[in-house]
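This report concerns only the one structure given below.
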Amino acid sequence: MNAMDRPAVALPAAPTRGPGATVNAFVRQTWAGLRVLLVLTVVLGVGYPLAVTAVAQVVFPWQANGSLVAADGSHVTSPAGGAEPAVGSLLVGQGFEGDEWFHPRPSAAGDGWDTLSSSGSNLGPLNPDLLATVEDRRAQVAAVEDVDPADVPADALTASASGLDPHISEAYALLQVDRIARARDLDPAALRTLVEDSTQGRTLGVLGEPRVNVLQLNLALPTMGS
């Protein structure tokens, strides 16, 4: 008997599923998904953040609370501080006015260094408003520092993406030395040494540019010459 002569085998009929079975399957799948969602929410949305926060508070309490410093340069873990209140964060830029201080780079965060409005200007490099602003800043910085406008570094002319950059370039810090020395009656050479000693290198040796923390520089100024 060849294959063509064999009798056909009847296949079992597919089971029929009524509307009730479809609804039950949907409910089971939905409830399973909700259980997974609830478990992941508790583990990743509550447990993990609490664990990371607890470890940070134990191992790195100063960094976890904002890297705050007092006027004497000591680390504090709350704005009220201990014996001395916090005067700023080493991670968040702030404005300084007056010839006796190192000035930070410009800020486009709100009216300037507003932590609730952190952002850049979002203007492109060919935007006429940005170009006009840069030229105005160039003229102002050159006049304040009594230097040629061509000598003003780029970070003195442009805001950072956050508007809260706490650092400036070593070149911009050194540009301000003579003005501060005159205002505080300090030795310019000593101020240049302060800037050079305070300059941080590239992160991991390759990322970013050498930079100086403005708050750290300004906290050191009152102690010089005393």
Side-chain angles (χ1 to χ4, degrees), residues 60 62-77 79 86-123 125 130 133-134 136-138 140-142 144-145 147 149 151-181 183-184 186 188 190-224:
F60 306 107
W62 178 64
Q63 293 89 338
N65 288 286
S67 299
L68 302 175
V69 292
D72 59 2
S74 61
H75 294 180
V76 294
T77 56
V87 296
S89 167
L90 295 184
L91 301 179
V92 180
Q94 62 188 79
F96 286 93
E97 297 181 358
D99 289 343
E100 69 273 21
W101 301 109
F102 283 96
H103 296 165
R105 65 186 301 181
S107 173
D111 293 330
W113 304 283
D114 182 356
T115 56
L116 299 180
S117 303
S118 175
S119 68
S121 67
N122 292 329
L123 299 179
L130 177 61
T133 299
V134 165
D136 287 343
R137 289 170 178 165
R138 189 190 306 278
Q140 292 173 8
V141 173
V144 168
E145 308 300 346
V147 297
D151 294 332
V152 179
D155 60 309
L157 307 176
T158 56
S160 65
S162 68
L164 302 173
D165 191 346
H167 300 96
I168 57 176
S169 66
E170 183 180 15
Y172 187 26
L174 290 173
L175 189 74
Q176 304 181 58
V177 161
D178 289 339
R179 165 178 53 80
I180 297 170
R184 290 183 174 269
L186 294 174
L191 278 177
R192 292 189 186 91
T193 299
L194 171 66
V195 171
E196 292 166 356
D197 291 345
S198 302
T199 300
Q200 306 168 26
R202 292 180 172 87
T203 303
L204 301 177
V206 295
L207 300 178
E209 296 292 335
R211 57 202 180 275
V212 191
N213 190 286
V214 177
L215 180 58
Q216 282 185 322
L217 287 178
N218 285 332
L219 291 180
L221 289 176
T223 65
M224 299 185 67

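- The distance from the OH atom of Y172 to the CD atom of E145 is 6.0 Å, given to the nearest 0.5 Å.
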Q: Could you walk me through whether R105 and D165 pass the salt bridge (Lys or Arg N to Asp or Glu O under 4.0 Å) test, one step at a time?
A: CA-CA 8 Å; R105 65 186 301 181; D165 191 346; 3.2 Å; yes
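- With respect to the salt-bridge test (charged N to carboxylate O, under 4.0 angstrom), the residues D178 and R192 qualify.
- Taken from CD in E196 to CG in L191, the straight-line distance is 11.0 Å, to the nearest 0.5 Å.
- Residues E170 and V195 form a side-chain contact, since some pair of their non-hydrogen atoms from C-beta on lies under 4.5 Å apart.
- Side-chain atoms of Q176 and R179 include a donor-acceptor pair closer than 3.5 Å.
- Contact annotation: the side chain of Q94 never approaches that of V87 to less than 4.5 Å [non-hydrogen atoms, C-beta and beyond].
- Between V69 and S74, the closest side-chain pair of non-hydrogen atoms is not below 4.5 Å.
- The side chain to side chain donor-acceptor pair (under 3.5 Å) contacts involving residues 208-219 comprise R202-E209, T203-R211, where partners must be two or more places apart or lie in separate chains.
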Would you tabulate the side-chain donor-acceptor contacts of residues 95-102 under 3.5 Å, counting partners in other chains and residues two or more places apart, or write 'none'?
none

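- To the nearest 0.5 angstrom, L221 atom CG is 6.5 Å from L194 atom CG.
- Atoms OG and CG, on S67 and L90 in that order, are 6.0 Å from each other to the nearest 0.5 Å.
- Contact of the V147 side chain with the V141 side chain is not registered, since no non-hydrogen atoms from C-beta on lie closer than 4.5 Å.
- Expressed to the nearest 0.5 Å, how far CD of Q63 lies from OG1 of T77 amounts to 11.0 Å.
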